[in-house]
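What follows is one structure encoded as structure tokens, with my remarks underneath.
In this text, all values refer to a predicted model and were calculated from it rather than measured experimentally. Along the sequence shown, the residues carry numbers beginning at 1.
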Amino acid sequence: MTENKKYCMGCMKEIDIDASVCPHCYYNEESVQHYPCLPKGTLIAERYISGRAISMTNDSITYIGIDTQTEETVSVHEFFPAKIAERAADGCEVNVKLGYDDIFGSCVQSFISMWKAIGSVKGEISLPTVRNILDFNGTVYAICKYSDSITLKSYFEETRKPLPWQKAHSAFKSIFSALDKLHGAGVIHGSISPSSVHVGSDGKLHLTAFSIPECRSQNEYLAAAPINGFSALELYGENRVAETGSDVYSLMALIYYCVTGMVPPKATDRAVKDDMVIPSSVAASLPKKVVTAFIRGLAVAPENRVRSVAELSSVVYASDAPVGAARNRQTATPAKRNAQPVKTNTSAANKSAADKKKKKSKDSSLAVLALGTFTAVVVICMIVFCVLYTTVLYKNYDVPVLNDAFASFDFLPMNQGSSGDDTTLPAETTQAPVAENRYVTVPDFTAHTYDSITTNSTFTQNFKMEFTFEYNDKVAKNAVISQDLVKGESVLAGTTVKLVISRGAEKIELPEVIGLQYSDAESELKDKGFKVKKVLLENDGTHTEGIVEMTDLVAGLEFDKGTEIILSVWDEYEEETTEETTKKEKKNKDKKSDKKTTEKKNDSE
């Protein structure tokens, strides 16, 4: 090693030259580092020494290492997508497999951009502290400050008990803050789980296992499998797309796991039948708003879920009393009042008590009347305010709770002209003041959705947004179909970017075609945008040829444009010829003759 020093390849502390087992971590220096990991002791860029491999993902391998200049222990993140890259004969150099140069080069840039964005977020203890990003060995490396930690999964396997809410409440605060800033920098984690969140030696939670966006897409060479129980529904299937709401789901699933000790049901299973519940023993200890946060943050459908970590944080960390505590306070006062009852035996005392009881009853009636009057006034005031808000005040004030409550009432003025069916949104809805003569890099907007873009302050501050909405049966609803600015291009801040947003597949109501001639039914269905398949039914002569008898889907319901409708149609009736009739009669006669012969034989026996 450098300057006659030897470092343990397990913990990177200095050890004796002749030592084979580390006296600090008991790591055996003779243990084998398997392919495709770098050989232990590899010197990177004449400065960093890599040790044992800590973890491996679809796009990278992480090692413990040391900075020989500062003697600081570091984590070394090497970009190494195993499906499209391999080691050279020296075991260190990275070679790209034949035909994958363009993909590898594009992913290298994504890797650099991701770690630069992570490094730009300062003051967050839950995020890696990026020390350096360098090009070496035919690939790139991100060097970060090392944090000694274990996964949350390992932590719970050791403790074998869930976290009380107050501890989870405190522990996850830094994760909320870090994730919110990451999203602001354009980074989506996409794989938050008990394995990617670590408990550090400092007692804090740390986000790890970052991967480039291609790992959360349909890229066949890099795409990582969803994590059952923690991945949102949109991370499954052919049109998978990671967005800020995906991290919201994973984060709340992780908190659910921590406070209940149970892995949440798989999102795809919940989409069919949602059996997910919060155990009553846990729910009783949670603040009401946190129960609400679980419901909104773990909504299966992305459109029903909280989209922003900041919004979720405002709910989770809002001051509220636990449901169980409120229930206890209601029963505590009567118990205390009856703890020491007053006893009297004289008639005077009894009369006095009767008078007090009568007066108390009168006072109670007046109190009930006053309370009823006050409640009625409050209700009337609320109704008047809601009417005013939905007709006039909404123009000048924004109350999210009321917006959500009245969103489904299309006849209200506040919901007129803002349905999202407008072809183009006004530019000012997503425009923010930008600094002049400042250049920004155009991101890949097609990896985002309309909601994740409009709620991302970095995007809205750097660009003017112009949205166009189109039906598309191949791109998920609200996802970006295309952008007019080239990804990676450098443009002036404030430049307008035109984005085409998918409305999803167009929905069409299936008309009733049973009883029509096939040609008429086919024409009507195709005119509406359906595909048609014809299946013939055998006709015994009692049905009219060419009439539609049934459809495989129910008329009156809406289906995606392009859906195939199967029409069952009566076939042509074919009369039998005299020769065919004679053959059939002879065959039936022979069968009857054989049957009688068999019966006689059985009787004789």
Practice task
Please round to the nearest 0.5 Å and tell me the distance separating atom CG of Leu254 and atom NZ of Lys153.
Solution key: 13.0 Å
Problem - Donor-acceptor contact below 3.5 Å, side chain Thr563 vs main chain Phe530 - result: no
Problem - Glu524 CD to Ile565 CD1 distance, which is reported to the nearest 0.5 Å - result: 12.0 Å
Practice task
Mind running side-chain contact (heavy atoms from CB on, under 4.5 Å) on Val480 and Tyr450 for me, showing each step along the way?
Solution key: CA-CA 7 Å; Val480 179; Tyr450 171 76; over 6 Å; no
Completion exercise
Here the gap from Arg305 atom CZ to Glu311 atom CD, rounded to the nearest 0.5 Å, amounts to 12.5 Å
Problem - Pairwise side-chain contact, Thr454 with Met465, heavy-atom cut-off 4.5 Å (strictly under) - result: no
Completion exercise
Here the pair of heavy atoms bringing Arg216 nearest to Ala242 is NE-CB, 3.7 Å
Determine all donor-acceptor pairs shorter than 3.5 Å in which one atom belongs to a side chain in residues 509-520; sequence neighbours excluded.
residue	atom	partner	partner atom	Å
Glu512	OE2	Ile514	N	3.2
Tyr518	OH	Glu522	OE2	3.4

Fill in the blank from the handout: The reported gap from CG in Asn478 to CZ in Arg503 (rounded to nearest 0.5 angstrom) is 11.0 Å
Exercise for the section: Classify the side-chain pair Ser110/Ser113 by whether it contains a donor and acceptor separated by less than 3.5 Å. Expected result: no
Exercise for the section: Please report the closest heavy-atom contact between Val475 and Asn472, naming both atoms and the distance. Expected result: N-OD1, 3.0 Å
Exercise for the section: Apply the test side-chain contact (heavy atoms from CB on, under 4.5 Å) to residues Asp180 and Phe176: give CA-CA distance (whole Å), side-chain angles for both, the deciding distance (0.1 Å), then the verdict. Expected result: CA-CA 6 Å; Asp180 182 42; Phe176 274 84; over 6 Å; no
Handout entry: Side chains of Pro443 and Phe459 in contact at under 4.5 Å (non-hydrogen atoms)
Key = yes
Handout entry: Under 3.5 Å donor-acceptor, Ser196 side chain and Ala209 backbone
Key = no
Handout entry: Atom NZ of Lys97: over 12 foreign heavy atoms under 6.0 Å
Key = yes
Problem - Spatial distance of atom NZ (Lys266) from atom OG (Ser231) [nearest 0.5 Å] - result: 10.0 Å
Handout entry: pair Asp552-Val535: side-chain heavy atoms closer than 4.5 Å
Key = no
Fill in the blank from the handout: Heavy-atom closest pair (Asp484 atom, Thr496 atom, distance to 0.1 Å) is OD2-O, 4.4 Å
Exercise for the section: Flag the pair Lys498 / Thr468 as yes when at least one side-chain heavy-atom distance between them is below 4.5 Å, and no otherwise. Expected result: no
Practice task
Side-chain contact test, heavy atoms from C-beta onward, threshold under 4.5 Å: evaluate it for Pro36 versus Met56 and give yes or no.
Solution key: yes
Practice task
Would you check if the side chain of Ser106 reaches a backbone N or O of Ile103 as a donor-acceptor pair within less than 3.5 Å?
Solution key: no
Practice task
Using a 4.5 Å cut-off on heavy atoms from C-beta on, say whether the side chain of Tyr35 contacts that of Glu86.
Solution key: yes
Donor-acceptor pairs under 3.5 angstrom involving side-chain atoms of residues 256-265: please list them, not counting sequence neighbours.
residue	atom	partner	partner atom	Å
Tyr256	OH	Val277	O	2.7
Thr260	OG1	Tyr256	O	2.6
Thr260	OG1	Met262	N	3.1

Handout entry: Heavy atoms of other groups near Glu238 CD, more than 12 under 6.0 Å
Key = no
Problem - Test side-chain contact (heavy atoms from CB on, under 4.5 Å) applied to Leu499 and Gln483, step by step - result: CA-CA 5 Å; Leu499 304 175; Gln483 61 188 74; 3.4 Å; yes
Problem - Pairs involving residues 274-283, ordered by first then second residue, that meet side chain to side chain donor-acceptor pair (under 3.5 Å) (sequence neighbours left out) - result: Arg270-Asp274
Exercise for the section: Go through the side-chain N and O atoms of Glu234 and Ser246 and say whether any donor and acceptor fall under 3.5 Å apart. Expected result: yes
Handout entry: side-chain contact (heavy atoms from CB on, under 4.5 Å) between Thr551 and Ile566, worked out
Key = CA-CA 6 Å; Thr551 60; Ile566 300 175; over 6 Å; no
Practice task
Check Asp560 against Ala505 and note the closest heavy-atom contact, atom names and distance.
Solution key: CG-CB, 3.5 Å
Problem - Exercise: do Asn228 and Tyr236 side chains pair donor with acceptor under 3.5 Å - result: yes
Exercise for the section: Rounded to the nearest 0.5 Å, what's the gap from OG on Ser482 to CZ on Phe445? Could you check? Expected result: 12.5 Å
Practice task
Looking only at non-hydrogen atoms, find the nearest pair between Trp570 and Thr544 and report the distance.
Solution key: CB-O, 3.5 Å
Problem - Backbone of His189 reached by a side-chain donor or acceptor of Asp247 within 3.5 Å - result: yes
Problem - Closest non-hydrogen atom pair between Ile212 and Met114, with its separation - result: N-SD, 3.8 Å
Exercise for the section: Answer yes or no: is there a side-chain heavy-atom contact under 4.5 Å between Arg307 and Thr449? Expected result: yes
Handout entry: More than 12 heavy atoms of other groups within 6.0 Å of Asp102 CG
Key = no
Exercise for the section: Report yes if some heavy atom in the side chain of Asn58 is under 4.5 Å from a heavy atom in the side chain of Lys83; otherwise report no. Expected result: no
